[in-house]
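Below is one structure, written out as structure tokens, with a few remarks after it.
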Amino acid sequence: MADIQKTLVLIKPDAIQRELVGRVVVRFEEKGLKLCAMKMTHLDEVTLTEHYGHLKEKPFFPSLLQFMMQTPIVAMVLEGLDAVDTVRAIVGSTNPRVADAGTIRADLSMNVPSNMVHASDSVEAAVAEINRFFKPEEVFNYEKFTDKYHFGEGI
Ligand code: DAT
Ligand code: MG
């Protein structure tokens, strides 16, 4: 049975620089994911060290942080059936050159860390990451006419 989940997406500085924000957002919207929150914000070292804590010992960690602070980023919360895995599938694997064609990373990028987007990788991570980037009152729950197509029983 599918679960209705929320997940976090960050549109990274390379997408901002390359003027591809709209192209990223449209992919999630046309899939049928519901936009529950969205804002532009500048990340700081404290937030990024928490966010990328699992990579702290990696040699590329300092340059990853520098990259993520080059411009503001756009943070979003998306909701849908199995949204965590669904969004990861649309985003594609970390290395854009081996990501499946049709994914955001494969179609629009070539390298790391400039792979366009971050997406939560588990339900637990999604809860923590949504709380990291949004206050509860910034995340909206509302009904849409299309809910019957995207949120129904189905398979
Ligand atoms: P993902 O973003 O697919 O969840 P991750 O959590 O392992 O991947 O890494 C976070 C980001 O760190 C990733 O999107 C790009 C950057 N990164 C990962 N591996 C890297 C590497 N070998 N060199 C440079 N940047 C890397
Ligand atoms: Mg990750």
Side-chain angles (χ1 to χ4, degrees), residues 2-136 138-141 150:
D3 288 325
I4 296 179
Q5 300 168 348
K6 288 187 174 72
T7 192
L8 179 94
V9 167
L10 303 178
I11 305 182
K12 296 184 182 182
D14 55 318
I16 308 278
Q17 295 274 18
R18 295 173 57 217
E19 299 158 350
L20 293 172
V21 172
R23 296 272 290 278
V24 171
V25 175
V26 80
R27 288 193 176 217
F28 295 121
E29 283 193 304
E30 66 193 0
K31 174 69 175 171
L33 289 146
K34 189 186 284 189
L35 192 54
C36 298
M38 188 179 222
K39 69 175 165 194
M40 184 172 243
T41 182
H42 223 127
L43 299 179
D44 57 41
E45 267 191 52
V46 174
T47 307
L48 279 167
T49 302
E50 195 179 284
H51 185 66
Y52 283 136
H54 61 297
L55 301 171
K56 225 156 137 183
E57 307 306 323
K58 300 281 186 189
F60 58 82
F61 186 71
S63 57
L64 174 62
L65 261 52
Q66 286 311 308
F67 165 70
M68 290 297 289
M69 293 189 292
Q70 271 175 12
T71 68
I73 55 89
V74 173
M76 296 187 280
V77 176
L78 298 169
E79 185 181 45
L81 290 176
D82 297 339
V84 171
D85 286 348
T86 303
V87 166
R88 287 287 292 194
I90 293 171
V91 165
S93 52
T94 309
N95 178 350
R97 297 191 298 285
V98 300
D100 290 337
T103 61
I104 293 170
R105 283 171 167 172
D107 291 357
L108 300 175
S109 62
M110 276 297 282
N111 211 351
V112 287
S114 49
N115 57 7
M116 302 286 293
V117 280
H118 164 84
S120 308
D121 65 3
S122 68
V123 175
E124 299 71 37
V127 171
E129 292 179 357
I130 290 168
N131 285 330
R132 180 172 303 136
F133 291 94
F134 291 95
K135 299 185 189 116
E138 292 175 324
V139 181
F140 295 90
N141 293 302
H150 305 316

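For ligands, and for the atoms within them, numbers begin at 1 and follow the listed sequence.
When non-hydrogen atoms are compared, ligand 1 lies under 4.0 Å from neither the backbone nor the side chain of Met68. Of all the heavy atoms of Met116, none lies under 4.0 Å from any atom of ligand 1, so neither backbone nor side chain is involved.
In the vicinity of Leu64, heavy-atom distances shorter than 4.0 Å reach the ligand 1 atoms 12 (O), 16 (C).
Heavy-atom contacts from other residues, nucleotides or ligands closer than 6.0 Å to CE of Met110 number 12 or fewer. Atom CZ of Arg88 sits in a crowded spot, with more than 12 heavy atoms from other residues, nucleotides or ligands closer than 6.0 Å. Counting heavy atoms of neighbouring residues, nucleotides and ligands inside a 6.0 Å radius, atom CG of Asp100 does not exceed 12 of them.
Of the polar atoms of Arg105, at least one N or O is found under 3.5 Å from an N or O of ligand 1, judged by distance alone.
Taking only non-hydrogen atoms, the option from His54, His51, Lys12 nearest to atom 6 (O) of ligand 1 is His54. When Val112, Leu65, Thr94 are ranked by how near their heavy atoms come to atom 1 (P) of ligand 1, first place goes to Thr94. Of all the listed residues (Phe67, Phe60, Tyr52, Phe61), Phe60 holds the heavy atom that lies closest to atom 25 (N) of ligand 1. Atom 15 (C) of ligand 1 has its nearest heavy-atom neighbour, among Asn115, Asp121, Val117, in Asn115.
Here the heavy atom of the protein found nearest to atom 9 (O) of ligand 1 is Leu55 CD1, 3.4 Å. Closest to atom 4 (O) of ligand 1, if we only count protein heavy atoms, is Arg88 NH1, 2.9 Å.
With rounding to the nearest 0.5 angstrom, the CZ atom of Arg27 is 5.0 Å from the CG atom of Leu108. In this structure, the separation between CZ on Phe67 and CG on Leu43 is 10.5 Å, given to the nearest 0.5 Å.
For the pair His118 and Glu129, the minimum side-chain heavy-atom distance is below 4.5 Å.
Because its NZ or CZ atom is both nearer than 6.0 Å to the ring centre of Phe134 and within 45° of the ring axis, Lys39 counts as a cation-pi partner of that residue.
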